[in-house]
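Fair warning: this is a prediction, and the values are worked out from it, not measured in the lab.
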Amino acid sequence: MYNLKNIIKNLKQNKKIFIIGAAIVDIIIKIDKLPLSGEDITATSSSKSVGGCAFNVADVLDKLKLQFDLMIPIGKGIYSNIVKTEMQKKNYNINIIEGNIDNGYCLSIVENNGERTFITIPGIETKMQEAFFNKYNIQDYDFIYISGYEAEGENGNVLLNILKKKKLSAKVIFDTGPRVSFIDKSIIKELLKQNTILTINEQEAIKITQNDNIVEAIKQINFLTQEPVIITLGKDGAILLNENKKIEKISGFTVSVKDTIGAGDAHTGGIIAGLACNLPLDKSVYLANKIASIVVSKSGAATAPSIDELI
């Protein structure tokens, strides 16, 4: 049994974190259920907020009062202005990219059961260039986060070239996300060789391994990465293959789900927080489970809990 108060008390950072990825605008539409093709339905409510995988991960670390560097590109346009304003409020470092490409936005359709469906219109975050990283020394960082959303297409090659410059001891925390099938297989293969800790959900693990036995799937992934693997199981917590190749089940938390937007990102942020503070991996995953459970009990993206909410 884990003591959450002790885990929080021991969050004393001694590792450097680099977060690479996207901040986009989430337009959240709540409906009873997804319509069939050709149907006409009305929404029960709508709202707008800044989200995106990297932004959501940063939100977790920010709420836990941990330090990190961000490489989130900000373009030019309506959505870029919204992203820039929100990041300035949080005192995040700003990376303005010259040109006329806006940041992306996402229609986040939330059903009554809390499940979300995303329709994403990509932006500057899918147009990465190595020059975006010129003001960062990749050798400085101990943990580097990337998302599968930014590994598609030419972005994958750019990220891979950046990661190959990291120090040998640095770990990559890779959350493939639901777009894993759209990432070039050769890119995934190379990304998994970068001292990569993979954190994914059950459906994504099956897509990668083509194996619906979750225990065998986690072993297959570990064979590719030679690093710990975390597979999230929603309210049932997570399954972990640790540094000693031992498989552990880390318990979850039952809550009333409002929506699952950003839950996977928040879980990844919790893992990074624990590891950057030298917590054992199992305790880091337990912390991540708790953080994700609070996120799904709220509406919208970037809803990570404060320290007071956790304890």
Side-chain angles (χ1 to χ4, degrees), residues 7-23 52-74 87-88 90-95 125 128-151 155 158-175 191-199 225-230 242-243 264-288 291 302 304 306-307 310:
I7 290 174
I8 299 298
K9 183 180 177 181
N10 287 305
L11 285 178
K12 302 185 189 314
Q13 185 173 1
N14 58 5
K15 304 289 186 182
K16 292 195 70 173
I17 304 167
F18 191 31
I19 300 172
I20 301 172
C53 296
F55 188 84
N56 293 337
V57 169
D59 186 55
V60 172
L61 302 175
D62 185 50
K63 299 282 180 56
L64 293 175
K65 304 187 185 304
L66 301 180
Q67 300 297 310
F68 54 89
D69 287 331
L70 276 175
M71 209 310 291
I72 289 178
I74 299 177
M87 289 182 66
Q88 286 174 329
K90 291 178 172 289
N91 291 316
Y92 291 168
N93 57 286
I94 305 295
N95 300 280
E125 66 283 348
M128 294 277 194
Q129 298 176 26
E130 290 187 51
F132 292 4
F133 296 83
N134 283 347
K135 69 179 184 180
Y136 302 99
N137 182 2
I138 199 74
Q139 290 269 322
D140 287 345
Y141 302 102
D142 302 291
F143 293 100
I144 304 168
Y145 164 81
I146 60 170
S147 163
Y149 279 103
E150 280 72 62
N155 261 24
V158 172
L159 289 180
L160 192 56
N161 289 338
I162 294 299
L163 294 176
K164 286 180 177 178
K165 299 175 184 177
K166 71 179 180 62
K167 61 187 177 185
L168 290 176
S169 61
K171 304 290 185 184
V172 174
I173 311 297
F174 182 25
D175 179 357
L191 287 174
L192 295 182
K193 294 178 181 178
Q194 305 301 314
N195 292 5
T196 300
I197 297 174
L198 202 63
T199 172
T225 64
Q226 295 300 304
E227 293 285 351
V229 182
I230 301 104
N242 66 21
E243 300 92 334
D265 305 330
H267 194 275
T268 303
I271 292 169
I272 295 170
L275 293 178
C277 296
N278 266 1
L279 285 183
L281 188 54
D282 61 335
K283 289 184 178 180
S284 300
V285 173
Y286 185 77
L287 171 64
I291 289 170
S306 66
I307 291 174
L310 281 169

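Checked against side chain to side chain donor-acceptor pair (under 3.5 Å), Lys15 has no partners two or more places apart in sequence or in another chain. Among residues two or more places apart in sequence or in another chain, the side chain to side chain contact (heavy atoms under 4.5 Å, CB included) test is passed with Asp62 by Phe68, Lys90, Tyr92. Partners of Glu130 by side chain to side chain contact (heavy atoms under 4.5 Å, CB included), not counting sequence neighbours, listed by chain and number: Val158, Asn161, Ile162, Lys165. Residues passing the salt bridge (Lys or Arg N to Asp or Glu O under 4.0 Å) test with Lys193, sequence neighbours excluded: Glu190. In this structure, the side chain to side chain contact (heavy atoms under 4.5 Å, CB included) partners of Asp265, at least two apart in sequence or on a different chain, are Cys53, Asn56, Val57, Tyr145, Asp175. With sequence neighbours excluded, the residues satisfying side chain to side chain donor-acceptor pair (under 3.5 Å) with Lys167 are Asp142. Applying the ring pair (Phe, Tyr, Trp, His ring centres under 6.0 Å) rule to Tyr136 yields the partners Phe18; only residues at least two apart in sequence or on another chain are considered. By the side chain to side chain donor-acceptor pair (under 3.5 Å) test, Lys135 is found to be paired with Asn95, residues two or more places apart in sequence or in another chain being considered. When the side chain to side chain contact (heavy atoms under 4.5 Å, CB included) test is applied to Lys166, the partners found at least two apart in sequence or on another chain are Ile138, Ile144, Ala170, Val172, Gln194, Asn195. Listed by chain and residue number, nothing satisfies the ring pair (Phe, Tyr, Trp, His ring centres under 6.0 Å) test with Phe143 (two or more places apart in sequence, or in another chain). Residues that satisfy the side chain to side chain donor-acceptor pair (under 3.5 Å) test with Asn242, not counting sequence neighbours, are Glu248.
Using a 4.5 Å heavy-atom threshold, the side chains of Ile272 and Leu66 count as separate. The side-chain heavy atoms of Leu310 and Leu64, taken from C-beta on, include a pair separated by under 4.5 Å. Put simply, the side chain of Asn155 reaches to within 4.5 Å of the side chain of Glu150, judged on heavy atoms. Two residues are said to be in side-chain contact when any heavy atoms from C-beta on lie closer than 4.5 Å; Met128 and Ile20 meet this criterion. Side-chain contact check for Leu191 versus Ile146: some heavy-atom pair is nearer than 4.5 Å.
Taking all atoms of both residues into account, the shortest heavy-atom contact from Gly269 to Val60 is C-CG1, 3.7 Å. Contact between Phe174 and Gly148 at its shortest, heavy atoms only, is CE1-N, 3.6 Å. The minimum heavy-atom distance between Leu287 and Gly274, with the atom names listed, is CD2-N, 4.5 Å. Closest non-hydrogen pair, Lys12 versus Lys9, comes out as NZ-O, 3.3 Å.
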Evaluate the side-chain contact (heavy atoms from CB on, under 4.5 Å) criterion for residues His267 and Ile230: first the C-alpha distance (whole Å), next the side-chain angles of each, then the deciding distance (0.1 Å), finally the verdict. CA-CA 10 Å; His267 194 275; Ile230 301 104; 4.1 Å; yes
Stepwise side-chain contact (heavy atoms from CB on, under 4.5 Å) check, Leu163 with Thr196: CA-CA 10 Å; Leu163 294 176; Thr196 300; over 6 Å; no
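Note that the CE atom of Met87 and the CG atom of Asn93 stand 6.0 Å from one another [nearest 0.5 Å]. In this structure, the separation between CD1 on Ile8 and SG on Cys277 is 9.5 Å, given to the nearest 0.5 Å. Here the straight-line distance linking atom CD1 of Ile197 with atom NZ of Lys171 works out to 6.0 Å at 0.5 Å rounding. One finds the CE atom of Met71 at 10.5 Å from the CG atom of Asn134 (value rounded to the nearest 0.5 Å). Going from atom CD1 of Ile173 over to atom CD1 of Ile19 covers 11.0 Å, rounded to the nearest 0.5 Å.
No side-chain donor-acceptor contact under 3.5 Å links Thr199 to the backbone of Thr268. For Ser147 (side chain) and Tyr149 (main-chain N/O), a donor-acceptor pair under 3.5 Å exists by modelled atom type.
Within the structure, the side-chain hydrogen bond (donor to acceptor under 3.5 Å, both in side chains) test picks out the following pairs touching residues 273-283 (sequence neighbours left out): Tyr2-Asp282.
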